[in-house]
2 protein chains.
Amino acid sequence: MGEHPARTRRRGEELIKAIHDAVLQEVVEAGAGRLTMDAIARRAATPRTTLYRRWSDPLDVLLDALYHQHPVEEPTPGADDLRGDLIRALRLMADWALSPAGRAVAAILTDPKSAALMSEALFERVFANRGGTFTRTVLQHYADRGRFPAELLTPVVADIGEALVTKRLLDTGTPPSDEDLSAIVDQAILPALGLGP
Amino acid sequence: MGEHPARTRRRGEELIKAIHDAVLQEVVEAGAGRLTMDAIARRAATPRTTLYRRWSDPLDVLLDALYHQHPVEEPTPGADDLRGDLIRALRLMADWALSPAGRAVAAILTDPKSAALMSEALFERVFANRGGTFTRTVLQHYADRGRFPAELLTPVVADIGEALVTKRLLDTGTPPSDEDLSAIVDQAILPALGLGP
DNA sequence: GATATTAGATACACGACTGTAGCTCAAGAC
DNA sequence: GTCTTGAGCTACAGTCGTGTATCTAATATC
């Protein structure tokens, strides 16, 4: 008579991980404004009471999930290849932006209610490797080595790559091709560093 | 006993305008995912039945409101002043993005449910003056006059200004200053056209 | 093995929004 | 002035999410 054959009961880390995964999937499918405790609990296959024991509302769950995300991989400047490193950095960024965590961040940034709840601390933690760090790390590395004038590495210039990738993702919603990323590097970033073709 | 002293009854255009305004305000305050017929009706001070007579659900109302928005002002290249015209174009864009209509568009673009409902036609109509038209109009004008090599006006280059303004709005949420816009033009757009300092 | 936690399974009252129905009456058309 | 349209008003049943309470049994701790 064992309908559900003694499903092992989850606790602690394992359970929380399942809930975090559930809320990230939910926000991707439904949007930040349509998050409900009910849907999160259903997807995580746990009673709502379990959620209320730890969090007060759906956005609370979502922010907690983001807070516990693994930090994004950092671009590591390799050989003496500014162009290649920039492309790789943008690839990292695009991959992250299309992941559930990246999509969740986008949902939060544009949701009035969650934007208001974002603490400085969370913002720092989640976006430290986003705001400009992807290409900035690479650019700083080569600026230090004198590959281009350091005073050209302004906040605007450090943002060019991320901004163009973001815009492309907003416009098309599809992953950028290598050609797209190359074009961004060759036609926008390198010229801004005085490294025209 | 006349509590509400014979409020004139609205019809047609006037009423629809009020509803369009209401839904745009709602989406700015609550987000696309939290739109309800109820809240829209309340804000427009009309019964819900009036909404159901024309639209099937809140997103339907929102998309209709956007469809009837006045087109955004076009940047008109003035004297022989590429730099100034670019800054003015970006100012137009930033102002629009911060308006209710602009915020509504941002909400829609990042809402999974409404993004799916966006028709090509609406996308064209609402975004014709967004995707790249703000600075592209200006750039095309000066490219035609040979102020810079026309082959440098690639899709990527035409997007640089809009992309950086968008990123700044996403990051800070506040209107960019004239200095911000000047920096974008001087440090990112002009170099990409081979017009360094 | 005994004990403390805490996930899992209900149940429930409450409120919000939905979609429809029925009616009254103001505004526009003729 | 009469007629037609459609806004304004009210009511209602149905659904979904909320937040809490209660009980159980599995898991961890000692």
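Heavy-atom basis, side chains included; hydrogens, waters and symmetry copies ignored. Model, not experiment: these values are computed from the prediction. Residue numbers start from 1 in every chain, and the chains themselves are labelled A, B, ... in the order their sequence lines are given, proteins ahead of strands.
Between the two ends of the helix from C/dG1-D/dC30 to C/dC30-D/dG1, each summarised by a five-pair axis, the helix axis turns through 40° (rounded to 10 degrees).
Regarding B/Glu14, its CD atom lies at a distance of 16 Å from the P atom of D/dG6, rounded to whole Å.
Partners of A/His68 under the ring-ring contact (aromatic ring centres under 6.0 Å, His included) rule, at least two apart in sequence or in another chain, are A/His20. Take A/Arg43 and apply the salt bridge (charged side-chain N to carboxylate O under 4.0 Å, His left out) test, not counting sequence neighbours, and it matches A/Glu26, A/Glu29. When the salt bridge (charged side-chain N to carboxylate O under 4.0 Å, His left out) test is applied to B/Arg83, the partners found at least two apart in sequence or on another chain are B/Asp186. Residues meeting the side-chain contact (heavy atoms from CB on, under 4.5 Å) test with B/Asp60, sequence neighbours left out: B/Trp55, B/Ser56, B/Asp57. Partners of A/Arg88 by side-chain contact (heavy atoms from CB on, under 4.5 Å), not counting sequence neighbours, listed by chain and number: A/Asp81, A/Asp85. Every residue two or more places apart in sequence or in another chain that forms a salt bridge (charged side-chain N to carboxylate O under 4.0 Å, His left out) with B/Arg147 is listed here: B/Asp80. In this view, A/Thr174 and A/Thr172 satisfy the side chain to side chain donor-acceptor pair (under 3.5 Å) rule, not counting sequence neighbours. For A/Arg145, there are no salt bridge (charged side-chain N to carboxylate O under 4.0 Å, His left out) partners, not counting sequence neighbours.
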Q. Base, backbone or nothing for each nucleotide of nucleotides 17-23 of chain C, written B, S, -, heavy atoms under 4.0 angstrom, 5' to 3'?
A. SBBBB--
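Here A/Arg54 lies in heavy-atom contact (under 4.0 Å) with sugar-phosphate atoms only.
A/Arg10 has a side-chain polar atom (N or O) that falls below the 4.0 Å cut-off from OP1 or OP2 of C/dG8. The phosphate of C/dG8 (OP1 or OP2) has a side-chain N or O of A/Thr46 nearer than 4.0 angstrom.
Looking at A/Gln25, its side chain never comes within 3.5 Å of a backbone N or O of A/Pro100 through a donor-acceptor pair.
Within residues 15-32 of chain A, no residue is approached by DNA chain D to less than 4.0 Å at the level of any non-hydrogen atom.
Sorted by first then second residue, the salt bridge (charged side-chain N to carboxylate O under 4.0 Å, His left out) pairs that include residues 89-112 of chain A, not counting sequence neighbours, are A/Arg91-A/Asp178, A/Asp111-B/Arg34.
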